[in-house]
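Encoded as structure tokens, the structure appears first; notes follow it.
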Amino acid sequence: MSNMMLLRIWLVLLTVGICRVAAQEPLHPAKVTLNKDDRNLTPLVNRNGWVNPEDLISMPQCIAQQDQSAWLSTMTKCTSKQCTSHFGVICTHHQWLTQLSCLSTGFSSDVVEAYLSYCSRSVLAKAQLFRWIHTITGRTWLVDVGDANELQTLSPASLAKGYASIEVTDKAPRCLTDSASASSMEPFQHVMASCGFTANTGHTGNAARQWEYSETLRSIIALGFETVGYDLTQSRIEYGDYFDKRCFCDAFSPDLNAEPCSGPGLALTRERLWLNATCGPTSLAGDWMDGLKTTSFAYIPTENWRWPNCVTAMPQNVIGLTDQCMTDACELDSSGYCKIKRAVDRACFCRNISYNTCKGSCQIFETRIDYVKWLHDLCGSQQGWHGLPKHWRHLAAPTPLDMIPWRWSIKPTRNSSPTSVDRSKSSKLTQTCASTESKLGSLVLINTGTLLALYLVPRTGTMLPAYGYLQYSRSWFLAGLTIAALHLIANWINAVLIRSTLGYEDIPIFQLVLLWCSMPRFTWLTILMICVQPFKATSSSAVKSCLFAESILQILSAFHMIATVNYGREHNFYSQGMGRLATVSSAQFMYAGALMWLVVIIVALVPLIQAIGGINVSARGARVSVSKSQTSKHATPNSIQELMAQFNERWTWLEEKLVSHWIDKSQDLEETPLTSSEGQAYTVYGTLPVKGPGNQIINRRMVRVSLITIISMIFLWVAQWLFWAGFIGLSLEEFCPPKLGVLTVIWFASSMAVALVAVTP
Ligand SMILES: *[C@@H]1O[C@H](CO)[C@@H](O)[C@H](O)[C@H]1NC(C)=O
Ligand SMILES: *[C@@H]1O[C@H](CO)[C@@H](O)[C@H](O)[C@H]1NC(C)=O
């Protein structure tokens with residue numbers, strides 16, 4: 001507003017101290033019109049070519065803003081005291097009147113020329129001047145013939161660069177509004193006044209009395225002037241004060257080598273933005289954008305400032321950086337002018353931050369990814385900033401380490417040894433971490449322990465029929481416990497072995513024992529071996545003990561399996577086809593294995609519980625499904641029902657097959673079959689025994705449980721292999737048990753022992 005006040009004061013000073021009163025009054029339409037005939041009628045009393053000066057058309061704005069002495073003296077020359085009232089020959093009343101014909105010759109080209117260059121700056125001011133001259137003299141030119149042609153029909157397009165509200169001068173810094181044009185030394189405000197106009201033509205000063213003859217000054221004086229109005233272009237704009245941009249930009253040229261505002265800083269930015277928005281980039285030097293304090297990039301408005309998620313782990317001096325780097329900067333408004341905003345200086349902030357500034361949670365997985373991205377967005381394009389490590393792109397995605405679902409690892413802690421000799425020993429251990437192949441190899445080897453035992457047992461077993469009765473009475477419960485205990489003890493011994501190694505003192509034994517419970521085992525092969533053997537009373541017990549032991553181990557291994565699935569779910573590893581793990585295929589194996597494990601457990605548990613729960617349930621279920629499949633043959637069957645029926649048929653067939661296989665084997669070998677009396681003892685475990693041709697009683701439930709167990713264990717075994725192969729490939733140095741050979745031998749021995757315990761009749 002202050003600039004507008006200045007402008008107005010300035011205008012007023014130029015007009016001989018007349019208050020600006022009438023400017024707001026819109027002109028009567030009859031007076032605004034450009035019709036020249038109407039103009040000529042305006043002088044009310046025309047006494048033989050002499051008129052009252054106050055009836056003359058008001059002074060144009062651009063004349064009022066210049067030295068008017070030549071203008072006034074021309075008018076004064078045409079003004080003299082005239083008698084306006086006679087009584088006979090005696091004059092009774094004198095009046096100062098102006099002779100129109102004198103004016104029309106008085107305002108010759110010569111008089112106008114002196115004023116023209118200033119009045120030509122703005123096309124509107126020039127048109128206003130022309131209208132005055134035309135009214136007074138009837139000329140259709142100002143100085144030279146044809147120089148007013150384009151002024152007679154103005155349109156909004158006549159303002160070639162458009163106009164702007166005078167209020168935008170408030171957005172210019174003081175150093176600019178107080179400066180002067182470099183070429184003419186004309187002050188900014190003066191240039192602005194010469195280019196200013198109002199929405200409508202109006203009058204300043206005494207609207208009814210714009211001219212007067214002052215007897216003391218012996219001259220015509222102006223008591224007001226007519227402002228230039230946008231209505232000269234035959235269109236209307238909102239009430240207010242404006243300026244012609246082309247007029248201003250042509251007349252005001254700052255010194256590009258010594259700009260009005262010294263920089264660098266906010267004032268220089270405001271100055272350049274103001275000149276660019278008003279006059280366009282051509283009014284400035286080519287490199288004017290350098291060092292601007294704008295919020296486009298170099299300065300971040302406080303409301304747009306964002307911290308990374310790990311902000312709580314950031315050191316206090318980094319948090320405080322935003323305050324230290326806070327400054328004023330320009331946000332461009334819709335017209336391109338500066339709007340001052342509080343903002344953070346990006347360069348200042350980046351100078352004092354790098355990747356390692358924030359440790360702790362900033363360097364762990366998701367928060368690390370967020371932190372690295374934040375840092376890169378913030379400072380990545382900052383010149384000379386090298387705050388991110390060279391491999392930062394790996395840090396911005398999940399690393400193999402992030403894909404391990406738990407935080408503990410098996411690797412030597414370096415600084416655990418006090419002496420340098422020990423330290424060199426422990427570093428040697430790190431170097432000799434077993435390769436992935438040998439780790440997988442030992443896993444395969446452990447599995448072959450079972451194979452070896454199963455190869456040996458039938459020979460030894462059949463050779464020792466005497467033990468048959470002894471084994472018969474053994475409890476499947478105790479045998480199962482023994483098997484599980486053998487596994488757990490082997491795991492525990494190995495964990496203790498590792499922990500007793502130098503540098504591995506911090507290994508979590510409990511976690512390790514649980515993790516090893518999920519190692520793939522040939523339990524399904526053991527059970528299969530039992531089933532293809534001739535049916536014996538011990539078969540059922542052996543299957544049960546295996547199943548019991550396996551249940552214990554699977555329940556224990558659930559700890560890490562479910563942890564893996566859960567971790568994968570939390571971090572979106574399973575979505576989009578495991579897209580996040582795409583770079584590390586072993587991680588895909590591991591997570592797929594864990595998920596498969598979980599699915600198999602859930603899917604197998606339902607029929608298994610049904611089968612164990614009682615043959616009644618399953619028998620009824622079987623009868624229902626049979627009757628269903630029969631009825632569905634008559635009705636139009638849908639494909640799922642048909643599939644289910646087919647599956648039921650096959651399953652029943654498989655069960656029958658196994659039953660008859662057992663019976664055949666038992667007959668072939670002429671082994672003592674289970675007599676009815678023995679069978680009765682046996683039916684304690686279930687009802688509805690199936691009677692074979694040899695009157696043998698084979699528990700149908702047994703068959704079903706064995707089948708389900710074998711099939712689901714094969715799937716579990718595959719899942720565990722996937723999991724372990726993936727885990728070993730993924731963890732590399734993180735899972736580096738020492739003395740791998742010794743561990744393997746212990747497990748190998750334990751798996752042999754387990755198989756022997758399970759199948760020995
Ligand atoms: C400078 O002005 C031009 C044209 O008026 C405009 O397109 C450009 O965005 C302006 N530049 C800045 C940095 O404001
Ligand atoms: C930022 O870094 C500069 C130089 O690297 C140093 O002089 C200044 O003290 C630092 N400021 C803070 C707040 O750490």
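In this text the structure is predicted, and so the values were computed from the model without any measurement. Numbering of ligands and ligand atoms starts at 1, following listing order. Worth knowing before you read on, the calculation uses all heavy atoms, side chains too, and leaves out hydrogens, waters and symmetry mates.
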Just to confirm my output: which protein heavy-atom neighbour is closest to atom 10 (C) of ligand 1, and how far is it?
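Of the protein heavy atoms, Asn276 ND2, 2.4 Å lies nearest.
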
What residue and heavy atom of the protein are closest to atom 4 (C) of ligand 1, and at what distance?
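For atom 4 (C) of ligand 1, the nearest protein heavy atom comes out as Pro281 CD, 4.0 Å.
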
Carboxylate-amine/guanidinium proximity below 4.0 Å for Lys161 and Asp244
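Salt bridge between Lys161 and Asp244, a charged N being under 4.0 Å from a carboxylate O: no.
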
Strictly below 4.0 Å, N to O, side chains only: are Arg580 and Glu570 in salt-bridge contact?
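Salt bridge: no.
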
Touching ligand 1 at all, Trp288? Heavy atoms, strictly under 4.0 Å?
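It does; at least one heavy atom falls under 4.0 Å.
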
Below a 4.0 angstrom heavy-atom separation, can you tell me which part of Leu292, side chain or backbone, both or neither, approaches ligand 1?
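No part of Leu292 comes within reach of ligand 1.
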
Under the disulfide bond (SG atoms under 2.5 Å apart) test, which residues partner Cys362, sequence neighbours left out?
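Testing Cys362 for disulfide bond (SG atoms under 2.5 Å apart), a comparison that skips the adjacent residues, returns Cys310, Cys358.
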
Can you classify the ring geometry of Phe349 versus Trp305 as parallel (below 30°), tilted (30 to 60°) or perpendicular (above 60°)?
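Perpendicular, since the angle between the ring planes exceeds 60°.
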
Looking at Trp71 versus Tyr115, is the centre-to-centre ring distance below 6.0 Å?
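When the ring centroids of Trp71 and Tyr115 are compared, they turn out to be within the sub-6.0 Å range.
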
Between Trp385 (side chain only) and Ile353 (backbone N and O only), is there a donor and an acceptor less than 3.5 Å apart?
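The answer is yes, because a donor-acceptor pair under 3.5 Å joins these two groups.
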
Do you see a protein non-hydrogen atom under 4.0 Å from atom 7 (O) of ligand 1?
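Within 4.0 Å: no protein heavy atom nearby.
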
Establish whether atom 14 (O) of ligand 1 and some protein heavy atom are separated by less than 4.0 angstrom.
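So atom 14 (O) of ligand 1 has protein heavy-atom neighbours under 4.0 Å.
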
Could you list the atoms of ligand 1 found under 4.0 angstrom from a heavy atom of Met289?
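Counting from 1, the qualifying ligand atoms are 13 (C).
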
Enumerate the atoms of ligand 1 whose separation from the nearest heavy atom of Leu332 is less than 4.0 angstrom.
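Going through ligand 1 atom by atom, the ones under 4.0 Å from Leu332 are 14 (O).
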
